[in-house]
Student: 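Okay, handing you the structure first.
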Amino acid sequence: MPDRPLAELGGKTVLEVAATPNLDRIARGASVFGIASHIPTSLPPGSDVGNLSVLGYDPLAHYTGRSPLEAAGMGIPLKETDLTCRCNLVTLTETGGAEVMEDYSAGHIPTEQARELIESVAQAFESRGVRLLAGVSYRHLLITDRSRSGISSTPPHDILGKETEQFLPRGKDSGFFRKLMEDAKEVLKNHPVNRRREEKGEHPANAVWLWGEGTAPSLPPLEETLGVKGAVISAVDLVKGIGRCAAMEVIEVPGATGYLDTNYEGKVESALRAFETTDLVMIHIEATDETGHVGKAELKLRAVEDFDGRVAGPALEGMERFGDFRALLTSDHPTPLSLRTHSRDPVPFAIYDSRSVADYGERVYSEKCAEDSGTVFEDGWKLARDLTGKG
């Protein structure tokens with residue numbers, strides 16, 4: 001959700017322009033308000049690292065790669081000998097004889113269509129010693145043997161509009177993965193799903209992109225680290241995976257898509273029901289990240305205002321039925337519209353305590369206001385400990 005000032009918004013950020021009465025109410029009444037760094041300088045600025053930190057895990061101690069967390073989110077057990085890679089369905093175009101990353105999500109391809117494409121590619125890979133497993137929308141998973149771990153890769157959302165050649169997998173085992181990516185193009189280029197998408201003017205999923213390699217993670221249970229029972233609500237396998245690895249309940253919400261059309265109301269209702277049996281619920285919203293990647297200010301404004309009016313407000317009101325409560329409002333990382341990818345900038349946060357609501361009259365939930373507070377958590381993972389009293 002956090003961003004950087006934009007000329008088209010009069011030199012303001014999306015948060016400064018958006019109508020966010022509920023976020024501002026949380027900021028005004030917060031007992032602790034400031035900025036936090038969830039991304040250590042030695043790790044990539046991604047949702048994997050950031051969400052580990054949000055849930056109180058030091059990423060430097062617990063991060064083993066992105067895709068293993070997504071495997072956990074999909075309910076796929078991993079062996080110590082496994083290597084996993086995230087497999088995006090993407091759209092590549094040819095410009096001047098070079099392939100360019102047009103769309104990291106193939107137009108946010110629907111899950112049913114994506115599953116059909118991935119199954120076709122998986123059949124072509126059967127004899128290669130890999131498993132290709134379908135996830136949600138454009139997000140899928142490849143599993144192979146850990147002996148092929150000598151690679152490094154680049155997220156496709158980091159290279160939008162750029163020639164792909166210099167960003168292909170690198171390292172001693174990169175040839176194996178590059179060959180998989182090249183052969184997948186042959187399966188996808190004339191696939192009936194893609195022909196139908198092109199007829200409708202939609203981006204075809206004409207390639208796969210392998211990245212985010214890693215090995216099986218191991219997290220201590222949240223109840224052990226923070227002293228509370230927890231649940232997580234998300235449309236994204238990665239965040240579900242962190243929850244499962246942390247021995248949290250993973251609550252599935254029908255209609256949760258990870259985009260602007262997600263079931264916001266269902267997420268809030270499920271969270272409030274969960275509080276009847278658990279202590280802490282993480283509601284994860286992905287639309288602000290996805291619209292940041294798209295790069296359109298009007299879409300990100302809509303995502304922020306939807307979050308304010310359809311999640312933050314109803315959640316805060318609903319929690320009052322349980323008596324005293326605390327709430328943490330924060331982001332895992334910024335996705336600035338000007339970059340169309342993640343940054344490691346610090347993010348605003350607010351901890352709201354119903355027992356001691358403050359009244360900082362001019363305070364709003366924005367990047368600048370949070371920075372001006374002077375409160376800084378250099379280790380963002382300690383925020384959750386402050387929230388639960390384990391700091």
Student: Just jot down the side chain to side chain donor-acceptor pair (under 3.5 Å) partners of R139, sequence neighbours excluded, or say none.
Tutor: E290

Student: Between E213 and R86, is a salt bridge (charged side-chain N to carboxylate O under 4.0 Å, His left out) present by the stated rule, with each step listed?
Tutor: CA-CA 7 Å; E213 61 282 348; R86 168 72 171 271; over 6 Å; no

Student: Against H333, only a single residue in V49, N51, D289 fulfils side chain to side chain contact (heavy atoms under 4.5 Å, CB included); can you say which?
Tutor: D289

Student: Checking R148 against T144: is there a side-chain donor and acceptor pair closer than 3.5 Å?
Tutor: yes

Student: With a 4.0 Å cut-off on N to O distance, would you call E165 and R178 a salt bridge?
Tutor: yes

Student: I'd like to know if the side chain of R344 reaches the main chain of P44, judged simply by a donor and an acceptor atom lying under 3.5 Å from each other, with no hydrogens or angles considered.
Tutor: no

Student: Would a single hydrophobic cluster contain both L55 and L329, if residues Ile, Leu, Val, Met, Phe, Trp and Tyr are joined by side-chain heavy-atom contacts under 4.5 Å?
Tutor: no

Student: Are more than 12 heavy atoms, taken from residues, nucleotides or ligands other than Y360, located less than 6.0 Å from that residue's OH atom?
Tutor: no

Student: Under 3.5 Å, side chain of D379 to main-chain N/O of W381, donor-acceptor pair present?
Tutor: no

Student: Please write out which residues are connected to L78 in a hydrophobic cluster, directly or through intermediates, given that two of Ile, Leu, Val, Met, Phe, Trp, Tyr count as joined at side-chain heavy-atom separations below 4.5 angstrom.
Tutor: M74, I76, L133, L141, I143

Student: Are more than 12 heavy atoms from other residues, nucleotides or ligands located less than 6.0 Å from atom CD of E198?
Tutor: yes

Student: Using the salt bridge (charged side-chain N to carboxylate O under 4.0 Å, His left out) rule, collect all pairs that involve residues 179-190, keeping only residues at least two apart or in two chains.
Tutor: E99-K185, R128-D183, K179-D183, E182-K185, E186-K189

Student: What about H140 and W209, are their ring centers closer than 6.0 Å?
Tutor: no

Student: Side-chain atoms of residues 214-227: list all donor-acceptor pairs with protein atoms under 3.5 Å, sequence neighbours left out, distances to 0.1 Å.
Tutor:
unit_1: T225; atom_1: OG1; unit_2: L222; atom_2: O; d: 3.2

Student: Which atoms form the tightest heavy-atom contact between F33 and T375, and what is the distance?
Tutor: O-CB, 3.2 Å

Student: Do D308 side-chain atoms and L23 backbone N/O form a donor-acceptor pair below 3.5 Å?
Tutor: yes

Student: State whether the side chain of R310 and the backbone N or O of E265 hold a donor-acceptor pair below 3.5 Å, judged by distance alone.
Tutor: no

Student: Which atom pair, heavy atoms only, marks the closest approach of T330 to P348?
Tutor: OG1-O, 3.2 Å

Student: Does any donor atom in the side chain of S234 or E286 lie under 3.5 Å from an acceptor atom in the other side chain?
Tutor: no

Student: Hydrophobic cluster mates of Y259, side-chain heavy atoms under 4.5 angstrom, ILVMFWY only, any path?
Tutor: L260, V294, L299

Student: Taking C369's backbone N and O only, do any of them form a donor-acceptor pair with S366's side chain (distance below 3.5 Å, no angle check)?
Tutor: yes

Student: Could you label the plane-to-plane angle of the H108 and Y138 rings as parallel, tilted or perpendicular, counting under 30° as parallel and over 60° as perpendicular?
Tutor: perpendicular

Student: Sequence neighbours left out, what passes ring pair (Phe, Tyr, Trp, His ring centres under 6.0 Å) with F176? Give chain and number order.
Tutor: none

Student: Can you name the side-chain contact (heavy atoms from CB on, under 4.5 Å) partners of T278, sequence neighbours left out?
Tutor: K229, A231, A274, V281

Student: Might you confirm whether atom CD of E362 has over 12 heavy atoms from other residues, nucleotides or ligands at distances under 6.0 Å?
Tutor: no

Student: According to side chain to side chain donor-acceptor pair (under 3.5 Å), who are the partners of R363, at least two apart in sequence or on a separate chain?
Tutor: none

Student: How far apart are the closest heavy atoms of V208 and A184, and which atoms are they?
Tutor: CG2-CB, 3.7 Å

Student: Donor-acceptor check, side chain of T91 to backbone of Y104, threshold 3.5 angstrom: yes or no?
Tutor: no

Student: Which heavy atom of A27 sits nearest to which heavy atom of A350, and what is that distance?
Tutor: CA-CB, 4.4 Å

Student: Can E80 and R146 be counted as an ion pair, charged N to O under 4.0 angstrom?
Tutor: no

Student: Answer yes when R4 and D345 have at least one side-chain N-carboxylate O distance shorter than 4.0 Å, and no when they do not.
Tutor: yes

Student: Return the minimal non-hydrogen interatomic distance between A235 and G258, and the atom names on each side.
Tutor: CB-N, 3.3 Å

Student: Only counting residues at least two apart or in another chain, list the ones meeting side-chain contact (heavy atoms from CB on, under 4.5 Å) with D48.
Tutor: Y63, R66, L69, L238

Student: For residues D103 and V90, determine if any side-chain heavy atom of one lies less than 4.5 Å from a side-chain heavy atom of the other.
Tutor: no

Student: With the threshold set at 4.0 Å, does a side-chain nitrogen-carboxylate oxygen contact exist between D372 and K368?
Tutor: yes

Student: Enumerate, atom names and distances included, each donor-acceptor pair closer than 3.5 Å involving a side-chain atom of residues 7-14, sequence neighbours excluded.
Tutor:
unit_1: T13; atom_1: OG1; unit_2: L15; atom_2: N; d: 3.4
unit_1: T13; atom_1: OG1; unit_2: E16; atom_2: N; d: 3.2
unit_1: T13; atom_1: OG1; unit_2: E367; atom_2: OE1; d: 2.8

Student: Which heavy atom of S153 sits nearest a heavy atom of G212, and at what distance?
Tutor: OG-N, 3.2 Å

Student: Does the distance from a Lys or Arg side-chain N to an Asp or Glu carboxylate O, for D3 and K300, drop under 4.0 Å?
Tutor: yes

Student: Determine yes or no for a side-chain-to-main-chain donor-acceptor pair under 3.5 angstrom, with R321 supplying the side chain and G318 the backbone.
Tutor: yes

Student: Strictly distance-based, threshold 3.5 Å: is any side-chain N or O of R244 a donor or acceptor partner for the main-chain N or O of G73?
Tutor: yes

Student: Does atom CD of E298 have more than 12 heavy-atom neighbours, drawn from other residues, nucleotides or ligands, at distances under 6.0 Å?
Tutor: yes

Student: For H38 and D332, which I'm curious about, is there any donor-acceptor pair between the side chains at under 3.5 Å?
Tutor: no

Student: Can T257 and D261 be counted as having a side-chain donor-acceptor contact under 3.5 angstrom?
Tutor: yes

Student: Has the side chain of T111 got a donor or acceptor atom that lies under 3.5 Å from a matching backbone atom of S137?
Tutor: yes

Student: Sequence neighbours left out, what passes side-chain contact (heavy atoms from CB on, under 4.5 Å) with R197? Give chain and number order.
Tutor: I109, P110, Q113, V193, N194, E202

Student: Do E305 side-chain atoms and A19 backbone N/O form a donor-acceptor pair below 3.5 Å?
Tutor: yes

Student: Within the 3.5 Å criterion, strictly below it, is a donor on H293 or T335 matched to an acceptor on the partner's side chain?
Tutor: no

Student: I'd like to check the ring pair (Phe, Tyr, Trp, His ring centres under 6.0 Å) partners of F377; sequence neighbours left out, ordered by chain and number.
Tutor: F349

